[in-house]
Protein chains: 2
Amino acid sequence: MSEARTGDAVDRILEQWARERPDLDVSPMGVIGRLSRCAALLSQRMDAVFAHYGLSGWEFDMLAALRRSGAPYCLAPTELFSSLMVTSGTMTHRLKVLEGKGWITREASELDARSTLVRLSADGFALIERALEAHVANEHAILSGLPARSVEALQKRLAELLATIEDHAN
Amino acid sequence: MSEARTGDAVDRILEQWARERPDLDVSPMGVIGRLSRCAALLSQRMDAVFAHYGLSGWEFDMLAALRRSGAPYCLAPTELFSSLMVTSGTMTHRLKVLEGKGWITREASELDARSTLVRLSADGFALIERALEAHVANEHAILSGLPARSVEALQKRLAELLATIEDHAN
DNA sequence: GCAAACTAACTTGAATTCAAGATACCATTT
DNA sequence: AAATGGTATCTTGAATTCAAGTTAGTTTGC
């Protein structure tokens, strides 16, 4: 009950499996488990900053996607949900909420009558500008706990991994 | 619209920000964005294997936590939800579902009358044994696309990162 | 021209999750 | 022993998400 004073939560899980299933090589759980756990914890930390601006994580993601697309800050719903990895049903709901808050407007496309264009409003633009700066500062702060060389190495390895799994993914 | 033939989805996002907000150093978005995206894609890939055994991701997590705790495969709800990073309300719901499926049973604790012990049933044990082996094989397969040295490097860097953010996290 | 296949967006219903609060029990102090 | 504070679990209601199906508009092949 008090064996592992070194190591993190994932190490403890690996020790349990080594004891219970010594026949299995569970080493991939170390990498993948830490990755998932890092993602969850990072998400919590970023949400804390978003909340400061009255934004949830997905609201920030939506406004940021429109902002970085450049003038006229306008995208089709399909572009939004495919880049943000959510379904069309989720997008319908999100757009309704953001429109209700006045951060986006919607107008019919001239090229394709099926398509409605989503546009960042002036309010939405002003909000995301401020939130973005705080968010980037927060990310810098989070990574400042690591030596720059480690961050760079992590970057490279994650890019490799992403490349191998982005293909396969349907 | 067709500039970046090299690079992944995250590179494209960084290019957009460089164009729109050249005053900001958004490099942390590269690491953190890739990390989040890897986690989301890996989760999809693992869910595909779980589905093969009639399991969702969280169902696998629950049974696996009980299994790796060792005989008598018994944990308190509090131990479960704190290690799985969900709330107590979520745990109540999960336990109800798993009990309904016959994979766990519940019994009052003898030491503490507030506590009900969750126990893996024989069915649950048999199921997680099979699913676990497929899951581990799947994880090996996913990482086999990378050289072993890269995986090891990734492992080290993620452990560093996890150490710095596990502290701060309340 | 018109039917078949496809695409864009939305609707519906169910699943999952959390925050906040309620309830019951335990431990410690007085 | 009574009170206070803390712990373990559950309940409730709302938010978020997805899968599957719907509607409407577009494109292709004959």
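On a predicted model such as this, the values are computed, not experimentally measured, just so you know. Lettering follows sequence order; numbering is per chain, from 1.
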Side-chain N or O of [X] versus OP1/OP2 of [N]: is the shortest distance under 4.0 Å?
X: A:Thr90; N: D:dC18; answer: yes
X: A:Arg106; N: C:dA8; answer: no
X: B:Lys96; N: D:dT11; answer: yes

Nearest-Å distance, [atom1] ([X]) to [atom2] ([N])?
X: B:Glu79; N: D:dT7; atom1: CD; atom2: C1'; result: 13 Å
X: A:Phe50; N: D:dT16; atom1: CZ; atom2: P; result: 14 Å
X: A:Leu80; N: C:dT7; atom1: CG; atom2: P; result: 19 Å
X: B:Leu95; N: D:dC10; atom1: CG; atom2: P; result: 7 Å
X: B:Asp47; N: D:dC18; atom1: CG; atom2: C1'; result: 12 Å
X: A:Met62; N: D:dA15; atom1: CE; atom2: P; result: 17 Å
X: B:Glu59; N: C:dT17; atom1: CD; atom2: P; result: 10 Å
X: B:His93; N: D:dA14; atom1: NE2; atom2: P; result: 18 Å

Practice task
Remember a base hit wins even if backbone is also touched, and classify B:Ser115 as base, sugar-phosphate or nothing at under 4.0 Å, heavy atoms.
Solution key: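 Result for B:Ser115 = sugar-phosphate.
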Can you identify which nucleotide, out of [options], has its nearest atom closest to the [X] side chain?
X: B:Ser56; options: C:dT16, D:dT9, D:dT17; answer: C:dT16
X: A:Thr87; options: D:dT9, D:dC18, C:dA19; answer: D:dC18
X: B:Arg114; options: C:dA24, C:dC18, D:dA24; answer: C:dA24
X: A:Val86; options: D:dC18, C:dT16, C:dA9; answer: D:dC18
X: B:Thr92; options: C:dT16, D:dT9, D:dT11; answer: D:dT11

Problem - Pair A:Glu160 + A:Arg157, salt bridge at N-O below 4.0 Å - result: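 Yes, charged N to carboxylate O under 4.0 Å.
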Practice task
Describe, in one word, how the ring planes of B:Phe50 and B:Phe60 are oriented to each other, choosing from parallel (under 30°), tilted (30 to 60°) and perpendicular (over 60°).
Solution key: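 Plane angle under 30°, so parallel.
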Handout entry: Donor on one side chain, acceptor on other, B:Asp25 and B:Ser27, under 3.5 Å
Key =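 Checked: B:Asp25/B:Ser27 side chains pair up, N/O donor to acceptor below 3.5 Å.
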Problem - Whichever of A:Asp112 and A:Met85 has its nearest DNA chain D nucleotide further upstream toward 5' - result: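 Its nearest nucleotide being more 5', the pick is A:Met85.
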Practice task
Might you point out which heavy atoms bring B:Pro77 and B:Met91 nearest each other, and give the distance in Å?
Solution key: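 Distance-wise, the nearest heavy atoms are O-CG, 4.0 Å.
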Problem - Side chain to side chain, B:Val26 and B:Arg21, heavy atoms closer than 4.5 Å - result: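 Heavy-atom side-chain distance check fails, nothing below 4.5 Å.
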